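So the structure is just underneath, and the comments pick up after that.
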Amino acid sequence: MADKYEQVLELAKRRGFIWNSFELYGGTAGFYDYGPLGAMLKRRVENIWRDIFVINEGYYEIESPTIGIEDVFIASGHVGGFSDPLTECQKCNEAFRADHLVKDIMDNPDTLGADELTKVLNKNNIKCPECGGKLGNVYEFNLMFKTSIGPGGKRAGYLRPETAQGMFVDFQRLLKFYRDHLPFGATQIGKAYRNEISPRQGVIRLREFTQAEAEIFIDPRDKTHPKFAEVADIVLNLYSQEGQAEGSSEKMSINEAVKKGIIAHEFLAYCLAMTYRFLMRVGVSPDKLRFRQHMKDEMAHYAADCWDAEILSERFGWVEVVGIADRTDYDLKAHAKQSETELTVYVSYDTPKKIERFAVKPDMGILGPMFKGKAGKIANALKALKPEELSADAIELTIDGEQIKIEKNAVTFETVCEEVHGENIIPHVIEPSFGIDRIVYSLLEHSYSEEEAEEEGEEDKTRIVLRLPAEVAPVQAAVLPLLTREELIKPANEIVKMLRKTGILVSFDDSGTIGRRYRRNDEIGTPYSITVDYQTLDDGTVTIRDRDSMKQVRAGMSNIADNIHELIYNGKSFEDAGKKI
RNA sequence: GCACCGAUGGUCUAGCGGCUAUGACUUUAGCCUUCCAAGCUAAUAACUCGGGUUCAAAUCCCGAUCGGUGCACCA
């Protein structure tokens, strides 16, 4: 009866992964707490993301405020576009998008405010499409949490609805940090906030959530990727625009997808590949992952191409967990306009270009004494003239309504040949954006398994196992004395110490039978259990038990820390960890 | 935000006007125990919240909150 979501959430609650926030006061929809194990799991997922994007790709991480000022979100479009004008039927209480209702009457209802929309509704006698009842006043519902900065509440602030704007706002500083070179990227892992109208689906739609975003600034004329060859052969499950029309996804190598023009360009494809590697490494099931291309009408108007990584969940179907978009120069242009600052990169040409340019040189030695304060304005006016106007016998200008005659000898002009070494361009932005909470939930769901542990002559019983990759499991090893005896507890404690010294998160458990303790650890995904028995006292060896296979090997106690480290981080196979038992 | 359904120890649940509120698992303390939750002894722990009806409410009514489902919303 209970579906997997319920089973996973029950376990998550009971064992300290995640639970609804503010339970003490009855709980609040859209907010979840990460418990001791959940916070650790999430941290490990984030650190793998860092390993890939920050360490291996070199896109340094920044940290900007979670509160943003109004200008930022005017530029991003969130102040205007992140809200919807709603109207409710007074009779049946259905809510409708007011701009949708007047779409057929108006050309551009998006530009109207709430009051104007109310007027249009009334004037045209528009009724509730459901029951024909009267519609109420239109109000704006903005999905951003609003607050005020400083006393008096005069200055508006908003909790950021995405982390991305931080990187755009810091563009100039980042450009300098990367010594004026394209491409470069910056990342941020942090909280974002959206005041969802009615969040459902548990952890899938949150009002406060964690994003990991990279903004990679590239040369718009060159969207190749230097390391493309390394990923060209990765095969992805692609659900392209055509595929969606036919309702089928297709497995294809990245190289082929770019060649066929399914993925817009190498750089975007490379990001898909990175995303794939990341999701595989943290433990998403490969058969429950697909990359879905946004349909043309679904894509933002400025986007060149956009793909979502979607993960299959038993309860929620295909869930978007990553968005990878070529946002072109939209964001930088918007911030350039709002801030009245040029946000460009100077790019040198391979070889300087020769350009013919018409140059006007007013002789300030003559104009200055003659016109005094007006000389500057006159010089500028002269520069704007065309060759034929300048070569006339007399040059007449109108400055501030005054007719002014200029002597021919006060200005010279010529066509000059110049070498241009480069130009200022607005970079394009490639943005992979990860919803960490959804990924963490998916990991729990995908790694959760119940299996019948058959023991001869005994009844069937279920074993709950979280098959998390060793690298993300919150508790990395359990140390268990076989029996509650002082002589076994002592060496066990020594092992705990050794492991902790090397940064392994280890739990010690001597309560209950050994089987019970193995099961307790299976349930939270502890990949390895180290058991101290009487043989340990004789020859200094312990057993290591593998969570997934339940197999055991016997290995030395003195180098146990290195051994476990290799198992977790270096892909050492369990068989190589010791002697088979 | 609307409609329908639901809410009892950590978890799952019994009770549907009157009990000291059922049971299981978990947990804790101890015993036992030489490798996969099953033994023994004991302990801890719950009626979502606020009103109302009634001599009496976990139980009936109203409202709120949270959760589920459908509609709407979802950069």
Side-chain angles (χ1 to χ4, degrees), chain A residues 1-3 5-7 9-16 19-31 35 73 76-84 86-89 91-97 100 129-131 136 139 141-144 160-162 164-165 192-202 204-207 211 298-300 303 315 320 323 325 327 433 453-455 458-465 480-485 488 511-523 529-537 542-545 547 550-552 554 581:
Chain A
M1 194 59 196
D3 71 4
Y5 174 81
E6 280 168 23
Q7 293 173 317
L9 246 70
E10 188 270 316
L11 173 69
K13 242 194 282 191
R14 189 161 47 80
R15 296 306 307 271
W19 54 75
N20 193 227
S21 299
F22 315 120
E23 275 179 328
L24 180 61
Y25 293 101
T28 302
F31 296 96
F73 300 117
S76 70
H78 286 103
V79 168
F82 209 55
S83 67
D84 297 314
L86 294 183
T87 177
E88 278 169 30
C89 172
K91 198 165 139 197
C92 70
N93 287 320
E94 277 296 313
F96 301 95
R97 289 274 297 270
H100 288 180
E130 287 293 317
C131 72
Y139 59 92
F141 186 86
N142 194 297
L143 258 26
M144 280 194 295
R160 62 182 178 191
E162 59 177 25
Q165 297 307 321
Y193 306 82
R194 291 173 196 183
N195 200 3
E196 300 283 353
I197 297 172
S198 86
R200 289 268 185 86
Q201 309 171 306
I204 300 299
R205 249 175 96 198
L206 296 172
R207 288 187 165 126
Q211 281 188 317
E298 176 185 7
M299 228 182 291
R315 161 82 67 104
E320 174 195 348
R327 301 178 58 88
S433 169
E454 303 146 34
E455 291 294 322
E458 289 174 354
E459 291 163 42
D460 282 5
K461 58 215 165 184
T462 359
R463 178 172 90 115
I464 296 176
V465 196
L480 318 168
L482 184 61
L483 299 172
T484 324
R485 296 279 158 75
L488 297 181
S511 150
T513 64
I514 189 71
R516 177 191 296 273
R517 286 177 273 158
Y518 284 146
R519 296 304 164 84
R520 266 205 284 259
N521 277 291
D522 287 341
E523 208 177 46
S529 298
I530 298 157
T531 305
V532 175
D533 54 20
Y534 280 98
Q535 196 180 328
T536 309
L537 303 179
V542 293
T543 65
I544 306 175
R545 172 201 183 253
R547 174 197 66 203
M550 295 168 70
K551 284 188 179 138
Q552 283 179 294
R554 195 156 259 287
I581 297 177

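Chain letters run A, B, ... following the sequence lines, proteins first, then strands; residues in each count from 1. Bear in mind the structure is a predicted one, so any value in this text is a computation, not a measurement.
Judged by Watson-Crick or G-U wobble contacts below 3.5 Å, the nucleotide B:C16 has no partner. Across all strands shown, the partner of B:U65 is B:A7, judged by Watson-Crick or G-U wobble contacts whose two distances both fall under 3.5 Å. Base-pair partner of B:U59: not found among the strands shown (Watson-Crick or G-U wobble, both distances under 3.5 Å). With a cut-off of 3.5 Å on both Watson-Crick or G-U wobble distances, the partner of B:G70 is given as B:C2. The base-pairing partner of B:C31, taking Watson-Crick or G-U wobble contacts with both distances under 3.5 Å, is B:G39. Under the Watson-Crick and G-U wobble criteria, each requiring two contacts below 3.5 Å, nucleotide B:A46 is left unpaired. Across the strands present, B:U54 finds no partner; the criterion is a Watson-Crick or G-U wobble pair with both atom distances under 3.5 angstrom.
Of the candidate nucleotides B:U11, B:A37, B:C35, B:A37 has the atom lying nearest to any side-chain atom of A:T513. Of the candidate nucleotides B:G67, B:U33, B:C35, B:G67 has the atom lying nearest to any side-chain atom of A:A29. For A:E10, taking side-chain heavy atoms from C-beta onward, the closest of the listed nucleotides B:U33, B:U11, B:C36 is B:U11. Closest to the A:N20 side chain, of the nucleotides B:U34, B:C74, B:C66, is B:C66. When distances run from any side-chain atom of A:Y518 to the nucleotides B:U11, B:U34, B:C36, the shortest one goes to B:C36. Taking only side-chain atoms of A:M550, from C-beta outward, the nucleotide of B:C35, B:G68, B:C36 with the closest atom is B:C36.
The distance from atom CG of A:L482 to atom C1' of B:C32 is 14 Å, rounded to the nearest whole Å. Going from atom CD1 of A:I544 over to atom C1' of B:C36 covers 17 Å, rounded to whole Å. Rounded to whole Å, atom P of B:A38 lies 15 Å from atom CZ of A:R463. Between the C1' atom of B:C36 and the CG atom of A:D522 lies a distance of 8 Å, rounded to the nearest Å. Computed from coordinates, the A:E6 CD to B:C66 P distance equals 19 Å when rounded to whole Å. Distance CZ (A:R519) to P (B:C35): 15 Å, rounded to an integer number of Å. The CE atom of A:M144 sits 17 Å away from the C1' atom of B:C73 (whole-angstrom rounding). We find that CG of A:L483 is positioned 11 Å from P of B:C32, with the value rounded to whole Å.
For A:L206, the side chain to side chain contact (heavy atoms under 4.5 Å, CB included) partners at least two apart in sequence or on another chain are A:Y32, A:F209, A:D437. Contacts of A:Y25 classified as side chain to side chain contact (heavy atoms under 4.5 Å, CB included), with partners at least two apart in sequence or in another chain: none. Applying the side chain to side chain contact (heavy atoms under 4.5 Å, CB included) criterion to A:S76, with sequence neighbours excluded, gives A:F73, A:H78, A:Q165. Annotation: side chain to side chain contact (heavy atoms under 4.5 Å, CB included) contacts of A:T513 (sequence neighbours excluded): A:R516.
Taking atom C1' on both nucleotides, B:G6 is separated from B:C16 by 15 Å, rounded to a whole Å. Comparing the C1' positions of B:U54 and B:U41 gives an interatomic distance of 45 Å, to the nearest angstrom. The separation of B:G39 from B:U33, taken at their C1' atoms, amounts to 9 Å, rounded to a whole angstrom. Comparing B:C60 with B:C5, their P atoms are spaced 13 Å from each other, to the whole Å. Only the P atoms considered, B:C4 is 24 Å distant from B:A14, to the nearest whole Å.
Here A:R554 does not reach the OP1 or OP2 of B:C35: none of its side-chain N or O atoms lies under 4.0 Å away.
With a 4.5 Å cut-off on side-chain heavy atoms, A:K13 and A:E23 count as touching. Looking at heavy atoms from C-beta onward, A:R554 lies in side-chain contact with A:D533 at the 4.5 angstrom threshold. Taking 4.5 Å as the limit, some side-chain heavy atom of A:L537 sits within range of a side-chain heavy atom of A:L488.
Judged purely by atom type and a 3.5 angstrom limit, A:R545 has no side-chain atom pairing as donor or acceptor with the backbone of A:Q552. Between the side chain of A:R463 and the backbone N or O of A:R519, no donor-acceptor pair lies under 3.5 Å.
A:E196 contributes no side-chain N or O that forms a donor-acceptor pair with the base of B:C74 under 3.5 Å. Contact annotation: side chain of A:D533 to base of B:C35, donor-acceptor pair present below 3.5 Å.
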Output one line per pair: protein atom, nucleotide atom from nucleotides 42-51 of chain B, and distance, for all N/O pairs under 3.5 Å.
none

Table of protein N/O atoms under 3.5 Å from nucleotides 23-30 of chain B N/O atoms:
residue: B:U26; atom: OP1; partner: A:R516; partner atom: NH1; Å: 3.0
residue: B:U27; atom: OP1; partner: A:R520; partner atom: NH1; Å: 2.2
residue: B:U27; atom: OP2; partner: A:R516; partner atom: NH1; Å: 3.1

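Nucleic acid contact for A:Q552: base, since at least one base atom lies under 4.0 Å from a heavy atom of the residue.
Of the options A:Q7, A:E523, A:R520, a side-chain contact (heavy atoms from CB on, under 4.5 Å) to A:I464 is made by A:E523 and by none of the others.
When all heavy atoms of A:Y518 and A:S529 are compared, the pair lying nearest together is CE2-CB, 3.7 Å.
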